[in-house]
Amino acid sequence: QIGKLMYVSDSGVFYLTVSNQVYRIQMDSRKAEVYIDGLKSDMLVNSEDGRYIALSEDGTTMHVTDLEKGESFDIHANENQLVKPLGFLGSDCIYGWGYRTDIFSTQTQTDTLALSQVLIVDTSDSAHSVLKTYETPGIYVTGIRIQDGSIYLSRVMKNGDIYVDTTGPAFRRTETEGSHRESPGI
């Protein structure tokens, strides 16, 4: 999809998605190169201003990149887990992890990873500190929506072999420090 990511760095490098590729274009020389190739749905998320991207090609490693500075760091999944980028709140990266056994399909979605935990990471400090962790026993996150500084979670619970929708909380930017754990059924 054209234009999902568009960012121009202070050094004159333009990043642009076209179909399943991200191009890096040197504005002064107009030299273009494929920066990321073979994008699939939900592999890449970017901050609202386009400066930060998070990419997970196979679910085992997520690369978080500051396109302005050209710096990246990696987040690795543990054994039998997959990591998935979800979005950004400002420059803070939101991602989740789930078990390989918790991939399901519905009538409208295929190969959805039920995330056991969602984390918000500070991309601006060199330690990449976890600012917030969200986890509810028996409840899984399938996606997020960010609106007006709040993060809305799409959640499901497992009922036998079927995942069913359940309601979820929203977090404000001021609530991003610390952990959030709920009792089942909330």
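Put simply, CG on Asp165 and CZ on Arg155 are 11.0 Å apart, with the number rounded to the nearest 0.5 Å. Atom NZ of residue Lys4 and atom CG of residue Leu39 lie 8.0 Å apart, to the nearest 0.5 angstrom. Taking OH of Tyr152 as the reference point, atom CD of Gln147 lies at 5.5 Å (rounded to 0.5 Å). Atom CD1 of Ile75 and atom OG1 of Thr60 lie 12.5 Å apart (nearest 0.5 Å). With rounding to the nearest 0.5 Å, the separation of CG in Leu119 from SG in Cys93 is 9.5 Å. Here the straight-line distance linking atom CG of Asp102 with atom CG of Asn80 works out to 11.0 Å at 0.5 Å rounding.
Residues Thr65 and Tyr35 form a side-chain contact, since some pair of their non-hydrogen atoms from C-beta on lies under 4.5 Å apart. Counting heavy atoms from C-beta on, the side chains of Leu115 and Leu86 come closer than 4.5 Å. For the pair Phe73 and Val121, the minimum side-chain heavy-atom distance is below 4.5 Å. In this structure, Leu67 and Val13 have side chains that are not in contact, with every pair of non-hydrogen atoms separated by 4.5 Å or more. Annotation: side chain of Leu44 is in contact with side chain of Thr17 (closest heavy-atom distance under 4.5 Å). Residues Met62 and Lys84 are not in side-chain contact: their nearest non-hydrogen atoms beyond the backbone lie 4.5 Å or more apart. Within the 4.5 Å cutoff, the side chain of Ile120 has heavy atoms near those of the Ile151 side chain. Taking the side chain as every heavy atom from C-beta outward, Asp111 and Ser105 approach each other to under 4.5 Å.
Glu33 and Arg24 are joined by a salt bridge, as a carboxylate oxygen and a charged side-chain nitrogen come within less than 4.0 angstrom of each other. Residues Arg51 and Asp66 are paired through a salt bridge, judged by an N-O separation under 4.0 Å between the basic side chain and the carboxylate.
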> Is there a side-chain contact (heavy atoms from CB on, under 4.5 Å) between Val118 and Ile94 once you walk through the steps?
Replying inline: CA-CA 7 Å; Val118 173; Ile94 306 165; 3.8 Å; yes
> Going through the distances and angles, do Trp97 and Gln81 end up as a side-chain hydrogen bond (donor to acceptor under 3.5 Å, both in side chains)?
Replying inline: CA-CA 7 Å; Trp97 65 263; Gln81 295 177 355; 5.1 Å; no
>> Walk me through whether Leu55 and Val45 qualify under side-chain contact (heavy atoms from CB on, under 4.5 Å).
In response: CA-CA 7 Å; Leu55 168 71; Val45 297; over 6 Å; no
> Can Val156 and Thr166 be said to form a side-chain contact (heavy atoms from CB on, under 4.5 Å), step by step?
Replying inline: CA-CA 5 Å; Val156 295; Thr166 186; 5.6 Å; no
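In this structure, the side chain of Thr123 engages the main chain of Ser91 through a donor-acceptor pair within 3.5 Å. For Asn159 (side chain) and Ile162 (main-chain N/O), no donor-acceptor pair under 3.5 Å exists by modelled atom type. Side chain of Ser56 to main chain of Met43: no donor-acceptor pair is present (N/O by atom type, distance under 3.5 Å, no hydrogens or angles). Without hydrogens or angle criteria, Glu68 side chain to Asp10 main chain gives a donor-acceptor distance under 3.5 Å. The closest donor-acceptor contact from the side chain of Ser47 to the backbone of Tyr52 lies under 3.5 Å. Of the possible polar contacts, none joining the Ser154 side chain to the Thr142 backbone as a donor-acceptor pair under 3.5 Å is found. Using modelled atom types, no side-chain atom of Lys158 and backbone atom of Ile139 make a donor-acceptor pair closer than 3.5 Å.
Remark: aromatic rings of Phe14 and Tyr7 are distant, center separation not under 6.0 Å.
Relative ring orientation between Tyr163 and Phe104 is described as parallel, the plane-to-plane angle staying below 30° on a 0-90° scale split at 30° and 60°.
When every heavy atom of Val83 is checked against every heavy atom of Tyr95, the shortest pair comes out as CG2-CD1, 3.4 Å. Here the closest heavy-atom approach between residue Ala32 and residue Ile25 is recorded as CB-CG1, 3.8 Å.
Partners of Val34 under the side-chain contact (heavy atoms from CB on, under 4.5 Å) rule, at least two apart in sequence or in another chain, are Gln21, Tyr23, Asp37. Taking the side-chain contact (heavy atoms from CB on, under 4.5 Å) definition, one finds that Glu48 meets it with nothing, sequence neighbours left out.
A donor and an acceptor atom, one from each side chain of Thr61 and His76, are located under 3.5 Å apart. If you check the side chains of Ser150 and Asp148, you find no donor sitting under 3.5 Å from an acceptor.
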